[in-house]
Amino acid sequence: MGAKTIIACVLLALATVLVAKDVRDPVGTITDAPAAARPGNAGSGKALSRIDSGFLIDAARSSRAEIEAAELAERVSSHADVKRFARRMIEEHGKAADDLAALAKLKGVELPETPSVAQRTELTALKALSGHVFDKTYASRLGVRAHEKTLATFRTAVNRARDPDVKEFATRQLPVLQRHLEEAQALRAAVGRDR
């Protein structure tokens, strides 16, 4: 096992621990955010609840992580299915990110421009990989696991969001994210068979 692979494995293990503990950037939490990043009343007449604004921030971070991972996969992978999946993630998460940004602006919530600490660690580890190991890791961790976590976040928002626009956004995205998860599961199986 090469040094890059060992480093990537250590980083992936660290990312797993961070995700398991649900560690967030201090900027990602509403209470620790600077005043400009706190939910306001732009366009809505009242501030969003912590649950709603927290969901918008989490959704923005997840979308950014998916897009960055997919852009990397497009550049690094030589597997046609991985490249096809990555292109679709860039397009569909990009559109969702645009819709999310418009909603956040309307609601007075400043969205982060980077993934969370755990997601950035995962992306850094992914950058150290290549070939079949890259494809398997991308399909499994940034395809399947990331979409499982994102789906759980969106389902929670559908059930707990107080703002009707936030609830509608989460509801509209659920079938898309479910399809992404199913495609990622198929990709993981295909990449596993190719070895």
Side-chain angles (χ1 to χ4, degrees), residues 1-25 58-100 112-158 170 172-195:
M1 194 177 292
K4 283 178 106 177
T5 303
I6 292 171
I7 291 169
C9 289
V10 169
L11 288 171
L12 285 171
L14 176 61
T16 301
V17 169
L18 291 172
V19 169
K21 290 186 176 195
D22 197 24
V23 173
R24 294 184 182 193
D25 266 339
D58 287 346
R61 289 188 183 285
S62 295
S63 187
R64 188 70 239 153
E66 283 288 338
I67 291 167
E68 287 183 24
E71 289 170 344
L72 179 63
E74 264 202 325
R75 288 191 312 272
V76 171
S77 181
S78 58
H79 196 288
D81 291 340
V82 171
K83 285 184 172 291
R84 211 173 2 263
F85 178 79
R87 171 58 26 210
R88 193 164 30 261
M89 294 306 100
I90 292 167
E91 291 169 2
E92 293 183 8
H93 280 283
K95 182 183 179 331
D98 291 345
D99 292 347
L100 177 62
E113 295 181 14
T114 61
S116 70
V117 171
Q119 291 162 334
R120 287 194 309 260
T121 302
E122 187 113 35
L123 289 166
T124 299
L126 191 63
K127 289 175 186 174
L129 302 176
S130 61
H132 186 68
V133 174
F134 174 90
D135 293 338
K136 282 179 60 174
T137 304
Y138 172 70
S140 178
R141 296 186 70 93
L142 279 301
V144 175
R145 288 185 193 156
H147 279 99
E148 287 171 342
K149 185 169 181 182
T150 301
L151 262 169
T153 300
F154 275 71
R155 284 184 181 126
T156 299
V158 166
R172 189 169 18 100
Q173 292 302 314
L174 272 180
V176 175
L177 292 168
Q178 182 62 48
R179 183 172 40 82
H180 287 178
L181 175 59
E182 291 164 5
E183 291 170 359
Q185 290 166 333
L187 178 65
R188 180 176 62 185
V191 169
R193 282 193 304 269
D194 289 347
R195 188 67 172 137

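The basis for the numbers below is simple: all heavy atoms, side chains too, and nothing from hydrogens, waters or symmetry mates.
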> Check residues 173-182 and write down every donor-acceptor pair under 3.5 Å in which the side-chain atom is one partner and the other belongs to a residue at least two apart or another chain.
from	atom 1	to	atom 2	distance (Å)
Gln178	OE1	Arg155	NH2	3.0
Gln178	NE2	Glu182	OE2	3.2
Arg179	NH1	Glu92	OE1	3.3
Arg179	NH1	Glu183	OE2	3.3
Arg179	NH2	Glu92	OE1	3.1
His180	ND1	His93	NE2	3.3
His180	ND1	His147	NE2	3.4
His180	NE2	Glu92	OE1	2.5

> Do you know the tightest heavy-atom contact between Pro115 and Glu68?
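Distance-wise, the nearest heavy atoms are CD-OE2, 3.6 Å.
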> Would you say Thr153 and Ser62 make side-chain contact, with heavy atoms under 4.5 Å?
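Sidechains of Ser62 and Thr153: no contact.
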> I need the Tyr138 OH to Met89 CE distance, nearest 0.5 Å.
6.5 Å
> Using the side-chain contact (heavy atoms from CB on, under 4.5 Å) criterion, which residues pair with Ala60? Sequence neighbours excluded.
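With sequence neighbours excluded, Ala60 shows a side-chain contact (heavy atoms from CB on, under 4.5 Å) to Leu100, Leu111, Pro112, given in chain and number order.
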> Show your working on side-chain contact (heavy atoms from CB on, under 4.5 Å) between Leu126 and Thr137 and close with a plain yes or no.
CA-CA 7 Å; Leu126 191 63; Thr137 304; 3.9 Å; yes
> Looking at Ser130 and Val76, what are the two nearest heavy atoms and their distance?
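Smallest interatomic distance, heavy atoms only, reads CA-CG1, 4.5 Å.
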> Has the side chain of Ser63 got a donor or acceptor atom that lies under 3.5 Å from a matching backbone atom of Ala59?
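No.
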> Among all residues two or more places apart in sequence or in another chain, which pass the side-chain hydrogen bond (donor to acceptor under 3.5 Å, both in side chains) test with Ser77?
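For Ser77, the residues satisfying side-chain hydrogen bond (donor to acceptor under 3.5 Å, both in side chains) (neighbours in sequence not counted) are Asp135.
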> Would you say that Arg61 contacts Thr114 through its side chain, given a criterion of any heavy-atom pair below 4.5 Å between the two side chains?
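Yes, close enough: below the 4.5 Å cut-off.
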> Looking at every non-hydrogen atom in both residues, tell me the closest pair between Ala65 and Leu123 and how far apart they are.
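What the structure gives for the nearest pair is O-CD2, 3.9 Å.
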> Quick check for you: to the nearest 0.5 Å, what is the distance between Leu187 atom CG and Arg84 atom CZ?
9.5 Å
> Residues in side-chain contact (heavy atoms from CB on, under 4.5 Å) with Ala157, at least two apart?
Phe55, Ala170
> Could I get the full list of salt bridge (charged side-chain N to carboxylate O under 4.0 Å, His left out) partners for Asp99, not counting sequence neighbours?
Lys95, Arg172
> Provide the closest heavy-atom pair for Ile90 versus Ala70 in the form atom of the first, atom of the second, distance.
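That closest heavy-atom pairing would be CG1-CB, 3.5 Å.
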> Could you check Phe134 against Leu72 for side-chain contact (heavy atoms from CB on, under 4.5 Å), going step by step and ending with a plain yes or no?
CA-CA 10 Å; Phe134 174 90; Leu72 179 63; 3.8 Å; yes
> Checking salt bridge (Lys or Arg N to Asp or Glu O under 4.0 Å) between Glu74 and each of Lys83, Arg87, Arg88, which is the one that passes?
Arg87
> Tell me whether Arg188 contacts the main-chain N or O of Ser140 through its side chain, where contact means a donor paired with an acceptor under 3.5 Å.
no
> Can you name the residues that form a salt bridge (charged side-chain N to carboxylate O under 4.0 Å, His left out) with Glu71, not counting sequence neighbours?
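Arg64.
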